[in-house]
Number of protein chains: 2
Amino acid sequence: MPPSRREELIETAMNVFYREGFNCTGIDRVLREAGISRMTLYNHFKSKDELIVAALRRRDELFRNRMRNFIESAAKDPADRLLAAFDFNAQWFASDEFNGCMFLNATSEFADPDCAIRRTAADHVRAIGQYILDLCRAANLRDPETIARQLHILLEGACAKAHAMDQVDASPEAYTETISAAKAAASALIDAVRPQTA
Amino acid sequence: MPPSRREELIETAMNVFYREGFNCTGIDRVLREAGISRMTLYNHFKSKDELIVAALRRRDELFRNRMRNFIESAAKDPADRLLAAFDFNAQWFASDEFNGCMFLNATSEFADPDCAIRRTAADHVRAIGQYILDLCRAANLRDPETIARQLHILLEGACAKAHAMDQVDASPEAYTETISAAKAAASALIDAVRPQTA
DNA sequence: ACTGGAATAGACCGATCGGTCTATCTATTC
DNA sequence: GAATAGATAGACCGATCGGTCTATTCCAGT
């Protein structure tokens with residue numbers, strides 16, 4: 001079964017909106033790239049905002065699956081998995097398609113904190129935070145809520161900084177320096193709250 | 001001497017663009033709030049983009065002055081000043097006007113990494129990083145470049161997370177938990193690279 | 001072969017946008 | 001008081017936007 005029109009629309013919207021932004025990108029841009037007609041879109045979605053929410057939900061699903069797969073195949077020990085999250089970010093930042101965190105971007109583009117788009121973005125950030133917390137608990141770290149928050153902040157901060165510093169004349173190792181500093185910080189913070197093992 | 005039309009324009013643009021975003025906010029919105037006519041704007045600036053750059057430069061100046069004043073009046077010891085940066089963020093996040101980092105917002109709103117707006121935003125982020133580095137050097141911390149990068153990431157990350165989580169139904173202490181976790185992380189990281197004093 | 005639901009192209013709408021232009025007014029300066 | 005420079009209101013432009021509507025085509029189920 002080929003993917004439905006609806007699925008293709010969401011997939012294309014996700015890619016285009018991530019690459020070129022939300023407000024600056026017209027509906028026609030998405031339709032042209034997807035090879036789908038105008039009315040088909042409005043048969044499936046009430047508005048552009050609804051399409052954006054669907055695109056964000058899809059991205060959330062895709063991103064978290066990729067992150068989870070990367071981390072769980074990179075390490076078995078929960079504490080090592082926490083560090084692997086930074087390796088995941090490292091390869092993400094270095095990829096050509098990197099354009100910051102799509103959900104932080106959405107947060108920046110829509111001023112109303114309580115619109116559906118912002119709430120969807122917040123859901124993603126919360127879900128990432130919850131995953132990190134789960135890993136912290138699995139690693140038996142002391143005060144898992146606090147260390148989870150700290151690691152989450154390091155991941156988001158590295159992403160935001162890498163995005164903001166992204167210029168053509170920027171040295172490629174700027175990414176590396178940022179994310180490796182974040183990882184080193186994470187490592188030190190984790191070590192300080194490890195359970196006292198034998 | 002009353003502020004010139006140009007100054008008033010920049011001031012108003014800075015506030016409006018921060019509050020309501022760049023792309024979503026029309027030129028007319030700024031002009032109406034400033035009580036200034038259309039042609040006056042285009043006599044002083046070639047385009048909306050130029051006004052945005054000027055607004056960002058002004059915000060950069062204002063923000064860094066406020067940050068510096070807060071920090072330098074909060075503590076004398078350089079290491080304490082580094083921690084005071086987190087207190088500065090705490091009161092910023094809690095203020096009514098908080099709408100994320102204007103420069104991360106600008107980065108998210110403009111897709112071209114090499115446009116003047118993105119470069120201006122990157123300049124600000126770099127300047128903040130430099131200030132933190134200066135404090136790390138003054139504090140005689142070991143490997144000041146790395147610890148400075150880490151603290152910078154914590155500050156930006158806390159800001160991004162606080163912004164993304166900002167909903168009306170969010171508990172007010174969400175801010176506090178985020179920034180205080182970041183500060184605790186900063187404190188631990190700093191302690192690990194302090195010069196061995198008597 | 002017929003039918004019904006879905007997708008198509010593309011005209012169309014009202015609104016808004018960034019930017020230009022003109023004509024009028026005001027205030028300083030000589 | 002004339003002249004010059006800057007600010008004003010507001011019409012105006014072409015382009016683009018999100019969204020609607022229609023008429024046509026395609027294709028699967030019976």
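In what follows, every chain begins at residue 1, and chains take the letters A, B, ... in the order their sequences are listed.
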Asker: Quick one: hydrophobic cluster around Val125(B), which other residues, with the 4.5 Å side-chain cut-off, linked directly or via members?
Answerer: Met165(A)
Asker: According to the side-chain hydrogen bond (donor to acceptor under 3.5 Å, both in side chains) rule, which pairs have a member within residues 53-66 of chain A, sequence neighbours left out?
Answerer: Glu7(A)-Arg58(A), Asp60(A)-Arg64(A), Asp60(A)-His124(A)
Asker: Holding to side chain to side chain contact (heavy atoms under 4.5 Å, CB included), I want the full list of residues that pass it with Asn43(B), two or more places apart in sequence or in another chain.
Answerer: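 Residues passing side chain to side chain contact (heavy atoms under 4.5 Å, CB included) with Asn43(B): Met39(B).
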Asker: Given axes from five pairs at either end, by how many degrees does the helix from dA1(C)-dT30(D) to dC30(C)-dG1(D) bend, rounded to 10°?
Answerer: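 Rounded value for the end-axis angle: 10°.
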Asker: Which residues pass the ring pair (Phe, Tyr, Trp, His ring centres under 6.0 Å) test with Phe22(B), sequence neighbours left out?
Answerer: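 Result, ring pair (Phe, Tyr, Trp, His ring centres under 6.0 Å) vs Phe22(B): Phe17(B), Phe110(B).
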Asker: In whole angstroms, how far is the C1' atom of dA7(D) from the CG atom of Leu9(B)?
Answerer: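 In whole Å, dA7(D) C1' and Leu9(B) CG are 12 Å from each other.
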Asker: Has the side chain of Tyr18(A) got a donor or acceptor atom that lies under 3.5 Å from a matching backbone atom of Leu56(A)?
Answerer: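 No, Tyr18(A) side chain to Leu56(A) backbone: no donor-acceptor pair under 3.5 Å.
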Asker: Tell me, which of residues 38-55 of chain A have any heavy atom that sits under 4.0 Å from an atom in DNA chain C?
Answerer: Arg38(A), Met39(A), Thr40(A), His44(A)
Asker: Pull out every residue in residues 20-34 of chain B that has a heavy atom closer than 4.0 Å to any atom of DNA chain D, ordered by number, or say none.
Answerer: none
Asker: Reading DNA chain C 5' to 3', which nucleotide is the first, and which the last, to come under 4.0 Å of any heavy atom in chain A?
Answerer: dA7(C) to dA11(C)
Asker: Mind checking what makes ring pair (Phe, Tyr, Trp, His ring centres under 6.0 Å) contact with Phe86(A), not counting sequence neighbours?
Answerer: none
Asker: Extract all donor-acceptor atom pairs below 3.5 Å that involve side chains of residues 154-164 of chain A and protein atoms in other chains or at least two apart in sequence.
Answerer:
| from | atom 1 | to | atom 2 | distance (Å) |
| --- | --- | --- | --- | --- |
| Glu156(A) | OE2 | His152(A) | NE2 | 3.1 |
| His163(A) | NE2 | Asn99(A) | O | 3.3 |
| His163(A) | NE2 | Asn99(A) | OD1 | 3.2 |

Asker: Tell me, which pairs form a side-chain hydrogen bond (donor to acceptor under 3.5 Å, both in side chains) where one or both residues lie in residues 75-84 of chain A, sequence neighbours left out?
Answerer: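 Not a single pair qualifies under side-chain hydrogen bond (donor to acceptor under 3.5 Å, both in side chains).
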Asker: Pair up each side-chain donor or acceptor in residues 178-190 of chain B with any protein partner under 3.5 Å, not counting sequence neighbours, and list the distances.
Answerer:
| from | atom 1 | to | atom 2 | distance (Å) |
| --- | --- | --- | --- | --- |
| Thr178(B) | OG1 | Ala174(B) | O | 3.1 |
| Ser180(B) | OG | Thr176(B) | O | 2.9 |
| Ser180(B) | OG | Glu177(B) | O | 3.4 |
| Lys183(B) | NZ | Asp87(B) | OD1 | 2.9 |
| Lys183(B) | NZ | Asp87(B) | OD2 | 3.3 |

